[in-house]
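Structure provided below as structure tokens; questions to follow.
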Amino acid sequence: MKRIKVISVFGTRPEAIKMAPLVKELEKSEFIESKVAVTAQHREMLDQVLSLFGIRPDYDLDIMKERQTLSEITCNALKGLEKVFLKERPDLVLVHGDTTTTFAGALAAFYSHIKVGHVEAGLRTHNKWLPFPEEMNRKLTGAIADLHFAPTQTAKKNLILEGVKEENIFVTGNTVIDALKTTVQRDYIFKNDVLNKLDYKNNKVVLVTAHRRENWGKPLEQICIALRQLSQEKDIYIIYPVHLNPAVWETAHSILQGLKNVILLPPLDTDELHNLMAKCFLVLTDSGGLQEEAPSLGKPVLVLRNETERPEAVEAGTVKVIGTEIEDIIRETKILLDIKEEYLKMANAVNPYGDGFASKRIVEGILYYFGIKKEKPEEFIPGRIPKNI
Ligand code: UD1
Ligand code: UDP
């Protein structure tokens, strides 16, 4: 029997976290030959995830440079992946989400006449500058893709409005919830002992991440100034694992280093981050992934952006988009720190993004597309127990 050859392509931390459960699922299928090619658009932050999930890439383009530009990433990924695809001639290339690796991977596959599957397809703000360049990366990848693995019904609707045929869309849930199910443990002991010593019951531990390109410069400075002021609140601890990008690292450290009640850390291993999120009081973030993870752990999220392409948890009331103005960040955070009813309104565990079976549905979708399975996998519907998975 000839197996379907699938190459999964990724390059940054969030792509790796969200592709890891899928790579494991592809490896389990007797009908699929699975290979992995990483661009290493990120280096240390990618390697952390590869090691946590035990993934050894078949190809590693090792393209990361300090303060790399978008054009450099695009050109180097495109050229490197072309060689991989010409050598391997896969039946399908899988890319994930909205990074420059995603777009370059889809384009390189298209140039080589290879089918493309887009995981986490269809998220939109409908503003090409926000998030930049991710909204456009995602749209361009969607224009190339043959199979669209949309995490939610909203994402499916966005694709249909853009003319994608319904038969090529699979609503799967987000694979990040698959990953979260394997990392969060009740009696988890942190490798970083600072996190073991925090008093999560009597203090209010606020987890912060902020790194987005559109927040570099003034918005990130404002975020850090707001955190500096908030660090004087009673019983608060602000934990900020800082992204390795020098544009982020330098700003965060120059404003926040040495402050009482602020703990700046290097990027945490994903199991550490997930378990810290499970224990913390509140999340402040501009990250996409954290907006999906925190609601499933019942943690309120204040989003440090002006728009989000993930409206589902906002609609469910557990996520609020608050922008990057100093007074807005302080006001909204203090409401949650000080007013119990307001906190409880947002601290509901909701799972609009997945049920832990997204990777299985994606593999079933691939098998259906290539004619091996007769039935399209059942769509992910929040709150519904899957029948045939
Ligand atoms: C990239 C993605 C963004 C995603 C983010 C996740 C694009 C355009 N951006 O942004 O969508 O949200 O990853 O974190 O694809 N660096 C290191 N070591 C690392 C990683 C980064 O030193 O392991 C430094 C390097 O100096 C690098 C810089 O960070 O040049 C920026 O990395 P880059 O991938 O270009 O941008 P991100 O802001 O990480
Ligand atoms: N994450 C991590 N360590 C950290 C910060 C984040 O493992 O120190 C994880 C987080 O749980 C989520 C993902 O990285 O799964 C989000 O990645 P990032 O914020 O870099 O990118 P985005 O989601 O904004 O694209």
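Below, each value reflects all heavy atoms present in this structure, side chains not excepted, and no hydrogens, waters or symmetry copies. Model, not experiment: these values are computed from the prediction. All ligand and atom numbering here is 1-based and tracks the order in the structure.
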Lys79/Glu82 ion pair, N-O < 4.0 Å =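 Here Lys79 does not pair with Glu82 in a salt bridge, since their nearest N and O are not under 4.0 Å apart.
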Any chain of hydrophobic side-chain contacts (each under 4.5 Å) joining Leu264 to Ile239?
->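 No; Ile239 is not reachable from Leu264 via cluster members.
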Test: Asp91 and Lys2 ion pair at under 4.0 Å | yes
Which of the numbered atoms in ligand 2 are below 4.0 angstrom from a heavy atom of Pro267?
-> 8 (O)
Closest approach of any protein heavy atom to atom 19 (O) of ligand 2, naming residue and atom |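 Going atom by atom, the protein heavy atom closest to atom 19 (O) of ligand 2 ends up being Ser287 OG, 3.0 Å.
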Looking only at protein heavy atoms, identify the closest one to atom 13 (C) of ligand 2 and say how far it is in Å.
->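 I find the closest protein heavy atom is Ile17 CD1, 3.6 Å.
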Cation-pi between Lys376 and Phe170: NZ/CZ under 6.0 Å from ring centre and within 45° of the ring axis?
->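 Judged by the rule (NZ or CZ under 6.0 Å from the ring centre, within 45° of its axis), Lys376 counts as positioned above Phe170.
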Indicate, as side chain, backbone, both or neither, the part of Pro131 found under 4.0 angstrom from ligand 1 when only non-hydrogen atoms are considered.
-> neither
Do any N/O atoms on Asn137 end up under 3.5 angstrom from N/O atoms on ligand 1?
-> no
Heavy-atom contacts under 4.0 Å between Leu268 and ligand 2: side chain, backbone, both, or neither?
->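 Contact part for Leu268 vs ligand 2: both backbone and side chain.
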Return yes or no for this condition: an N or O of Thr12 is under 3.5 Å from an N or O of ligand 1.
-> no
Min N/O separation Thr101 to ligand 1 under 3.5 Å = no
Can you check whether Glu44 has an N/O within less than 3.5 Å of an N/O in ligand 1?
-> yes
So which of Arg13, Glu272, Glu293 gets nearest to atom 6 (C) of ligand 2, if we judge by its closest heavy atom?
-> Arg13
Check whether any N or O atom of Met45, backbone or side chain, sits under 3.5 Å from an N or O atom of ligand 1, and answer yes or no.
-> yes
Row check, Phe357 ring normal vs Lys181 NZ/CZ: under 6.0 Å, within 45° = yes
Arg67, Met64, Gln48, His42: member with heavy atom nearest to atom 26 (O) of ligand 1 = Arg67
Any N or O of Arg43 that comes nearer than 3.5 Å to an N or O of ligand 1?
->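 Arg43 vs ligand 1: N/O contact under 3.5 Å present.
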Quick one: does Gly289 get an N or O within less than 3.5 Å of an N or O on ligand 2?
->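 By distance alone, the answer is yes.
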Pair Asp328 + Lys320, salt bridge at N-O below 4.0 Å =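 Answer for the salt bridge query: no.
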Among protein heavy atoms, which sits nearest to atom 7 (O) of ligand 2, and what does the distance come to when rounded to 0.1 Å?
-> Thr270 OG1, 2.8 Å
Hey, does the Lys NZ or Arg CZ of Lys204 hover above the aromatic six-ring of Phe281, less than 6.0 Å from the centre and inside 45° of the axis?
->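 Judged by the rule, Lys204 and Phe281 form a cation-pi pair.
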For the pair His243 and His211, name the ring-plane relationship: parallel under 30°, tilted 30 to 60°, perpendicular over 60°.
->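 Parallel, since the angle between the ring planes stays under 30°.
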Which atoms of ligand 1 have any heavy atom of Leu70 under 4.0 Å away?
-> 8 (C)
Closest protein heavy atom (residue, atom, distance) for atom 3 (C) of ligand 1 =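 Answer, as residue, atom name and distance: Glu134 OE2, 3.2 Å.
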